[in-house]
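Inspection log for the structure reproduced underneath, given as structure tokens.
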Amino acid sequence: MSSQFMEYNTAVFIGDILESQLKKQKERILECQKDKNCNTETYENQLDFCEKIEYAIKEMEKFKR
């Protein structure tokens, strides 16, 4: 196997994990929006985390080309 092949497969694998994590975090954000007791800091932390995951997904896309 060439190293490019491994890099592509690794990027795909990591991208899949990040997509799964992003989906879970977005579900948590929706729960937080519905929960009147959810504090603002928790909500904002979830949003920030989603942004970081989305950035990482975009970076992984570069290795898939």
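Predicted, not measured: the structure shown is a model, and the values here were computed from it. We number each residue from 1, following the sequence as shown.
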List, one per line, each side-chain donor-acceptor pair under 3.5 Å for residues 33-42, sequence neighbours excluded.
residue, atom, partner, partner atom, Å
Q33, NE2, Y43, OH, 2.9
D35, OD1, N37, N, 2.8
N39, OD1, E41, N, 3.3
N39, OD1, T42, N, 2.7
N39, OD1, T42, OG1, 2.7

Ignoring hydrogens and angles, write down the donor-acceptor pairs under 3.5 Å from the side chains of residues 16-28, residues two or more places apart or on other chains.
none

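By the side chain to side chain contact (heavy atoms under 4.5 Å, CB included) test, E59 pairs with Y55, K62, sequence neighbours left out.
Think of L30 as one node in a network of Ile, Leu, Val, Met, Phe, Trp and Tyr side chains linked at under 4.5 Å; it has no links at all.
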